[in-house]
**Student:** 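Let me begin by handing over the structure; questions about it come next.
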Amino acid sequence: GESVGLHLPTLSVQEGDNSIINCAYSNSASDYFIWYKQESGKGPQFIIDIRSNMDKRQGQRVTVLLNKTVKHLSLQIAATQPGDSAVYFCADPGVTGGGNKLTFGTGTQLKVEL
Amino acid sequence: NAGVMQNPRHLVRRRGQEARLRCSPMKGHSHVYWYRQLPEEGLKFMVYLQKENIIDESGMPKERFSAEFPKEGPSILRIQQVVRGDSAAYFCASSADRVSQPQHFGDGTRLSIL
């Protein structure tokens, strides 16, 4: 079945450093991926997405890389700030049922140290 | 621009009572999704609805749980005869159409069962 997993449960970085959060997926037919940020007590907030016809997509301070060969994607946050502290999830809408069922990984807790 | 609105934010019920969770999608969105999140875990898909129709309920427990999205009013997730294991955060997301991504999330309802 489909699964989306995170490599590390917790990532600690110094303020100003770059952060890299990794995610592996198992379904080679998956063609769309989303990164969400979830702060304590809140719902997931969309950060950036990428389709399988792309290897890289950049946003404001964030970059997502997709390696379809090894079924891996990563979220890079430049100049990490205290406000970036949150749990980050990669999500896959899947290909069954029209791709509406988001499958989330367990998440990576990003802690920014001052 | 109101986002996805969920209420109540916190709900406490005793075992055996009924819990009703409400979700108003973003303006212009007619597709609603419900997810459940246990502590320290990612979100798990429960059900996908359009106005007056259940499209995919493959993540819903077979008993005690039901969902609706009437022609008028919010979507309702109903849990009958609640048990301690129902304690979780329940999130609602909405999208403009079946393939439109990403889904936008509300801040959830925290359900606690005494």
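Only a predicted model underlies this, so the values are computations on that prediction, with no experimental measurement involved. A, B, ... follow the sequence lines: proteins, then strands. Residue 1 opens every chain.
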**Student:** So A:Gln38 and B:Leu43, do their side chains get closer than 4.5 Å, heavy atoms only?
**Tutor:** yes

**Student:** Which heavy atom of A:Tyr36 sits nearest to which heavy atom of B:Pro102, and what is that distance?
**Tutor:** OH-CB, 3.7 Å

**Student:** Let me know if B:Gln6 has heavy atoms under 4.5 Å from chain A in its side chain, its backbone, both or neither.
**Tutor:** neither

**Student:** Do you reckon B:Phe91 sits in the same ILVMFWY cluster as B:Phe65, going by side-chain contacts under 4.5 Å, direct or chained?
**Tutor:** no

**Student:** For a side chain to side chain contact (heavy atoms under 4.5 Å, CB included) with B:Asp107, tell me which candidate from A:Lys42, A:Gln45, A:Glu39 qualifies.
**Tutor:** A:Lys42

**Student:** Rounded to the nearest 0.5 Å, what separation is found between the CG atom of A:Leu102 and the CZ atom of B:Phe105?
**Tutor:** 5.5 Å

**Student:** Return yes when atom CE of B:Met60 has more than 12 non-hydrogen atoms of other residues, nucleotides or ligands closer than 6.0 Å, and no otherwise.
**Tutor:** yes

**Student:** Look up atom CD in B:Gln103 and atom CD1 in A:Ile34, then write down how far apart they are to the nearest 0.5 Å.
**Tutor:** 6.5 Å

**Student:** Determine, using the 4.5 Å side-chain heavy-atom cutoff (strictly less than), whether A:Leu11 and A:Leu75 are members of one ILVMFWY cluster.
**Tutor:** yes

**Student:** With ring centroids as reference points, do B:Phe45 and A:Phe104 lie under 6.0 angstrom apart?
**Tutor:** no

**Student:** Answer yes or no: does atom NZ of A:Lys111 have more than 12 heavy-atom neighbours from other residues, nucleotides or ligands under 6.0 Å?
**Tutor:** no

**Student:** Please determine whether the number of non-hydrogen atoms from other residues, nucleotides or ligands lying under 6.0 Å from atom CD of A:Gln60 exceeds 12.
**Tutor:** no

**Student:** Taking all heavy atoms of A:Phe89 and all of B:Gln37, pick out the closest pair and write down the distance.
**Tutor:** CZ-NE2, 3.6 Å

**Student:** Mind checking whether B:His104 and A:Phe46 have parallel, tilted or perpendicular rings, split at 30° and 60°?
**Tutor:** tilted

